[in-house]
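Here is the structure we will look at.
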Protein chains: 2
Amino acid sequence: MTPTIKDIAARAGISYATVSRALNEKYGVSRETREKVKALAEEMGYRPNAIAQGLVNRTTMTVGLIIPDITNPFYPRLALGIEDRLLKAGYNVFLCNTSWNPDRERDYLNNLVQKQVDGIIISSIAHHADDIESIIPSDMPLVYVSSYPEDTERSYVLIDNIKGADMAVSHLLFRKRRRIAFIGSQQEYHSLEDRLSGYRKALKRAGIEVSEDMVVLDKFQEQSGYKIIRELLEKGTIPDGVFAENDIIAMGVVQGVQDSGYRVPEDVAVIGFDDIPIASHPDIQLSTIHQPKYRIGSYAAEILLNQLIQDPSERRTERMTLQPELIVRRSS
Amino acid sequence: MTPTIKDIAARAGISYATVSRALNEKYGVSRETREKVKALAEEMGYRPNAIAQGLVNRTTMTVGLIIPDITNPFYPRLALGIEDRLLKAGYNVFLCNTSWNPDRERDYLNNLVQKQVDGIIISSIAHHADDIESIIPSDMPLVYVSSYPEDTERSYVLIDNIKGADMAVSHLLFRKRRRIAFIGSQQEYHSLEDRLSGYRKALKRAGIEVSEDMVVLDKFQEQSGYKIIRELLEKGTIPDGVFAENDIIAMGVVQGVQDSGYRVPEDVAVIGFDDIPIASHPDIQLSTIHQPKYRIGSYAAEILLNQLIQDPSERRTERMTLQPELIVRRSS
DNA sequence: GATTCATCCTTAAACGTTTACGATACTTCT
DNA sequence: AGAAGTATCGTAAACGTTTAAGGATGAATC
């Protein structure tokens, strides 16, 4: 249907190998035929078959991006940073949304190696490096972004979650809160754990004992914050501050607090994490820890690109930990 | 590196053609060798090279999805509906974000055909069908979603934009508004035009003349609503109702109205389009026209899948126009 | 006039699969 | 026993491209 180099060769009266070299600017073809070939290619609407090229070149100019939740505004911006950077370098990206499903993450990884992607960027929900790295060839470039399994040797780009959480909780402490809850989702996500340990760290430093019924994790994301805080309040466990795993959950918490007849921030101060766009809306004004989402994405892409051009033997792992930023708004 | 069927064949002491047939459950291989081959494949960690398969099968189990703005919460949900449906059928998706850039849309289309995708779903910003359909092979399945060029013969899935806009404006009229503005972005987007004509239609039916300074389009998306309404108000052009192209813009309008010292909805009633999740937030309460985003996506995927299994000759164009739903909230 | 050399092109193999066809051996039938 | 059929496997071509190696041509050198 669409013309191949053989079609061009036939019309030009030369062999298709010459056509290939002409189009790829290789040596050994005269200016004359090169121009003739190019004109013909243009005229016939020739477009190289990337699949065939991929087979012989052993590179597909394609990378896989695995994220847990495209519905959380954090990830689209991250993905945008990645896509923009990779596109500039000529790569396309397979976007894979796992919806927090570890099986789906595994399946997608398998899929991506079968599809011969050149590299993978992943915001993983797996706990162990092996869950991921045993699936992919050991020489396949991989960079973790925003979350990673702690026993990995690979590159990653992420915010300092411990420090960010520490800052958030310290801020609540500064606001004279003493009964500070941590509310999150039950997903096995390494950044969750770091945020949790940052939470513990800050409380410990302040000499406050962490009461375990103040740490509540729930199965789902979207409605988690709302549900959890309402249950807490009804049970009579009344925190005066809440640090939520992320802004989506934090917004649920704020709603829940208000619907239970309490005031934010007077009765319960709330702070989230991520600084998604809506958090700064005048009618929302959610305090949070800022993450430079787009930048994190483009850094991750940059690191992957470095690995892509390097010899596997001399690949170094590059790790970036970006500094979080406290954003104080009305909710605290 | 990773084993191929030849490696398996060598270890099994048979030809690689037989290995292929064994793994693909084809006739002509004994139970015995089939099982031996499968065991070996499992043991050696064999995974078929999808690129090589793609070359011979002339199908890549891959589809391209082109959207203008992953940053607008409308699209991730649309994409999710598409991805979920396609994944179930074994397809992977290239997500392509054009950032409202027509050149980038064109480049991506080219890219996708070179990458030999089996089909394309696109929320296009192009005006003419030719801008898109001249790029792709005529037998390549394509379905438009949420927006489409009006001179196309292809399938599409979208909301009835004219009717939705009509409903929105009629609602404002019902609220006794007479000076109703339309605020949108300047992107060439067909759904924009339909919404604009729905706006005109409703006004006309009510016997209200459309004043052209009440229709304002701006270049960008995110800040458009805010900027435009503030300029309008400062110019002394004070609408008592605003229909915005989408919820993102509508939210900007609400902010702008309030920052200019007017009240929503008392002085200016505002209604948007899409019903993105945040619109229902208790502190936002934006009136809007609901779109079933996830469902639109999965319908589009369904239609594409139908085309993928059909013979190109007997492909019928399927067009779905979903009914919009008016959601009245505090902003009107 | 033979040799060398550069230039331009062709041949052929390779990438990892699938699949039509042919070959072989074994069964079954007459 | 010979013919015919069946089950199993191998050979080879094909998908569209890149690229190493080699061949042809003509010009330059001696």
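Throughout, a chain's letter reflects where its sequence line sits, starting with A, and its residues are numbered from 1.
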#### Entry: Any donor-acceptor N/O pair under 3.5 Å between D:dG16 base and B:Arg58 side chain
no
### Query
Within this structure, what is the CD-to-P distance between A:Gln53 and D:dG16, rounded to whole angstrom?
13 Å
### Message
Over 60° means perpendicular and under 30° means parallel, so tell me whether A:His190 and A:Tyr148 are parallel, tilted or perpendicular.
### Response
tilted
#### Entry: Along DNA chain D (nearest heavy atom to each residue), the more 5'-positioned of B:Gly13 and A:Leu55
B:Gly13
### Task
Grab the CG-P distance between B:Asp7 and C:dT17 for me, whole Å please.
9 Å
### Query
What does B:Val56 touch in the nucleic acid at a heavy-atom separation under 4.0 angstrom: a base, only the sugar-phosphate, or nothing?
base
### Task
Using whole Å, report how far NZ of B:Lys26 lies from P of C:dC21.
14 Å
### Query
Within the structure shown, what part of the strands sits under 4.0 Å from A:Thr18 by heavy-atom distance: base, sugar-phosphate, or nothing?
base
### Query
Which nucleotide in the set C:dT11, C:dA20, D:dT17 lies at the smallest distance from any side-chain heavy atom of A:Tyr46?
D:dT17
### Query
Could B:Arg104 and A:Asp84 be called an ion pair, given the rule that one side-chain N must be under 4.0 Å from one carboxylate O?
yes
### Query
Between D:dG10, D:dT17, D:dT8, which one does the side chain of B:Ser30 approach most closely?
D:dT8
### Message
Just the rounded figure in Å: distance from C1' of C:dG16 to CG of B:Leu23.
### Response
13 Å
### Query
Side chains of A:Thr18 and A:Arg21: is there a donor and an acceptor less than 3.5 Å apart?
yes
#### Entry: Phosphate OP1/OP2 of C:dT18: any B:Ser20 side-chain N/O under 4.0 Å
yes
### Query
Between A:Arg21 (CZ) and D:dG16 (C1'), how many Å, whole number?
16 Å
### Query
Rounding to a whole Å, what distance do you find between A:Arg31:CZ and C:dC8:C1'?
15 Å
### Message
Distance check needed: C:dA20 C1' versus B:Asn24 CG, whole Å only.
### Response
15 Å
### Query
The side chain of B:Thr4 lies closest to which of these nucleotides: D:dG10, C:dT17, C:dC9?
C:dT17
### Summary
Of the candidates C:dG16, D:dA12, D:dT19, the side chain of B:Tyr16 sits closest to D:dA12
### Polar contact flag, side-chain donor to acceptor under 3.5 angstrom, A:Thr152-A:Glu133
yes
### Query
Quick one: B:Asn49 CG to D:dC15 P, roughly how many Å, whole number?
18 Å
### Query
Is the number of heavy atoms from other residues, nucleotides or ligands within 6.0 Å of CD (A:Glu25) greater than 12?
yes
### A:Ile14, nearest nucleotide to its side chain (from D:dG10, D:dT17, C:dT10)
C:dT10
